[in-house]
Student: 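Quick one: the structure is below, questions incoming.
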Amino acid sequence: MLQKCEGIVVRTSDYGESDKIVTIYSREFGKFAVMARGAKKANSRLSSISQLFTYAYFLFRKGNGMGSLQQGDLVASQRGIKEDLFKSAYAAYMVELLDKAVEDRKTNPYLFELLAQSLSYLNEGYDEEVICLIFEMKLLPVFGVQPVLDRCAHCGETEGHFSFSIRENGLLCHRCWSNDSYALKITPQTVRLLKLFYFLDLNRLGSVSLQEQTKKELRLVIRTYYDEYVGVFIKSKSFLEQLDRMKTVLHGDSPEENKNNTTK
């Protein structure tokens with residue numbers, strides 16, 4: 001039985017000398033794997049549509065076990081991602097994170113749109129780290145965790161100076177700092193961005209420019225929170241962290257770059 005879906009390739013693995021197992025995250029069927037026979041051959045009609053991050057309309061034959069990929073109509077090859085080492089590293093981390101978050105055959109059109117839009121922004125040249133941080137924040141509810149970001153997690157206060165408490169699962173106002181001596185001290189800008197990244201409709205994202213220090217604070221909060229509450233092992237994370245360190249060495253903290261944090 002032939003079926004068609006709109007999907008994005010989130011994982012590939014070689015199978016034998018010429019075949020691939022391709023995992024697709026689709027709008028209609030959620031996540032599923034298909035066999036792409038001959039896809040490793042350069043002249044195969046499946047070669048271009050079985051690449052990681054590829055966005056296409058896929059035609060596949062459903063079987064009792066794993067189906068087989070028949071053909072595809074390309075929507076976006078994500079060339080801008082594939083030709084940039086940093087963007088491809090962030091995109092690989094994002095699709096692997098989503099792969100860990102969702103079960104097979106569970107449809108979620110919102111999540112499909114989130115992935116498609118996030119990869120599109122990367123492909124268009126948006127700051128890959130900012131897009132990844134937003135993606136991480138928006139994936140938290142999929143993992144079943146929801147940090148308190150609109151008030152103090154301890155007393156409910158909405159005004160004041162805030163830190164981020166891993167133990168209290170969210171923001172902690174200055175009146176309650178004594179409840180967690182290990183709370184992460186962050187700037188008001190980082191507090192605002194954590195809220196924005198969590199609640200913002202990604203389709204409404206404008207231009208974004210962040211100071212390197214703000215990125216470091218956001219990265220510290222989000223990655224520490226993931227380690228404590230999500231706890232999934234992401235193979236691409238270590239490579240991503242190596243690239244982050246490389247980027248810091250290459251770019252430094254020039255006072256002429258990114259003088260202001262802005263989101264429009």
Student: What's the verdict on side-chain contact (heavy atoms from CB on, under 4.5 Å) for Phe162 and Thr187, showing C-alpha distance, side-chain angles and the deciding distance?
Tutor: CA-CA 8 Å; Phe162 293 91; Thr187 63; over 6 Å; no
Student: Should Leu193 and Leu210 count as side-chain neighbours, where that means a heavy-atom distance under 4.5 Å?
Tutor: yes
Student: For Leu149 versus Met137, what's the shortest heavy-atom pair and its separation?
Tutor: CD1-CE, 3.7 Å
Student: Is it the case that one hydrophobic cluster holds both Tyr25 and Met35, taking links as side-chain heavy atoms less than 4.5 Å apart, direct or via other members?
Tutor: no
Student: Can the ring centres of Tyr229 and Phe143 be said to be less than 6.0 Å apart?
Tutor: no
Student: Taking all atoms of both residues into account, what is the closest heavy-atom pair of Lys41 and Ser18, and its distance?
Tutor: CE-CB, 3.7 Å
Student: Between Phe197 and Lys138, is there a cation-pi geometry (under 6.0 Å to ring centre, at most 45° from the normal)?
Tutor: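 That pair does not qualify as a cation-pi contact.
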Student: Within a strict 4.5 Å, meaning less than it, do heavy atoms of the Ser118 and Leu202 side chains meet?
Tutor: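 The answer is yes, as the side chains (C-beta and beyond) meet within the 4.5 Å cut-off.
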Student: Please assess Lys237 against Asp227 for the test salt bridge (Lys or Arg N to Asp or Glu O under 4.0 Å), listing each intermediate value before the final yes or no.
Tutor: CA-CA 12 Å; Lys237 183 180 178 181; Asp227 288 343; 3.2 Å; yes
Student: May I ask you to check if Arg192 and Phe199 form a cation-pi contact, with NZ or CZ under 6.0 angstrom from the six-membered ring centre and within 45° of the axis?
Tutor: no
Student: If you take all heavy atoms of Glu96 and Phe233, which pair is closest and at what distance?
Tutor: OE2-O, 4.2 Å
Student: For Arg223, is there an ion pair with Glu136 - N to carboxylate O distance below 4.0 angstrom?
Tutor: yes
Student: Does the pair Lys40/Asp19 count as a salt bridge with the N-to-O cut at 4.0 Å?
Tutor: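 Salt bridge between Lys40 and Asp19, a charged N being under 4.0 Å from a carboxylate O: no.
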Student: Please answer: with hydrophobic residues joined when any side-chain heavy atoms are less than 4.5 Å apart, are Ile21 and Leu52 in the same cluster?
Tutor: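 The answer is no; the residues belong to distinct hydrophobic clusters.
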Student: Which label fits Phe112 and Tyr55: parallel for a plane angle under 30°, tilted from 30 to 60°, or perpendicular past 60°?
Tutor: perpendicular
Student: Assess the side chains of Ser68 and Gln70: does a donor N or O sit below 3.5 Å from an acceptor N or O?
Tutor: yes
Student: Are Tyr182 and Ile166 side-chain neighbours, meaning at least one heavy-atom pair lies under 4.5 Å?
Tutor: no
Student: Does some side-chain heavy atom of Val102 sit less than 4.5 Å from a side-chain heavy atom of Leu98?
Tutor: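 In short, these two side chains touch, coming nearer than 4.5 Å.
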Student: Show the nearest heavy-atom pair for residues Ile81 and Leu119, with the distance to one decimal.
Tutor: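 Scanning both residues completely, I find the closest heavy atoms to be CD1-O, 3.4 Å.
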Student: For residues Val148 and Leu194: do they belong to one hydrophobic cluster (side chain heavy atoms under 4.5 Å, members Ile, Leu, Val, Met, Phe, Trp, Tyr)?
Tutor: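 No, separate clusters.
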Student: Taking all non-hydrogen atoms of both residues, which atom of Leu46 and which atom of Leu69 are closest, and how far apart?
Tutor: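 Looking at all heavy atoms of both residues, the shortest contact is CD1-O, 3.6 Å.
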Student: Is a donor from one side chain sitting under 3.5 angstrom from an acceptor on the other, for Glu128 and Tyr121?
Tutor: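 Not at all, the side chains of Glu128 and Tyr121 share no donor-acceptor pair under 3.5 Å.
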Student: Is there side-chain contact between Ile234 and Tyr226, with at least one heavy-atom pair below 4.5 Å?
Tutor: no
Student: Would you kindly say whether Glu228 and Thr224 are connected by a side-chain donor-acceptor distance under 3.5 Å?
Tutor: no
Student: Would you check if Val34 and Phe58 make a side-chain contact, meaning some heavy-atom pair closer than 4.5 Å?
Tutor: no
Student: For Thr190 and Lys195, test the side chains for any donor-to-acceptor distance below 3.5 angstrom and give the result as yes or no.
Tutor: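 Not at all, the side chains of Thr190 and Lys195 share no donor-acceptor pair under 3.5 Å.
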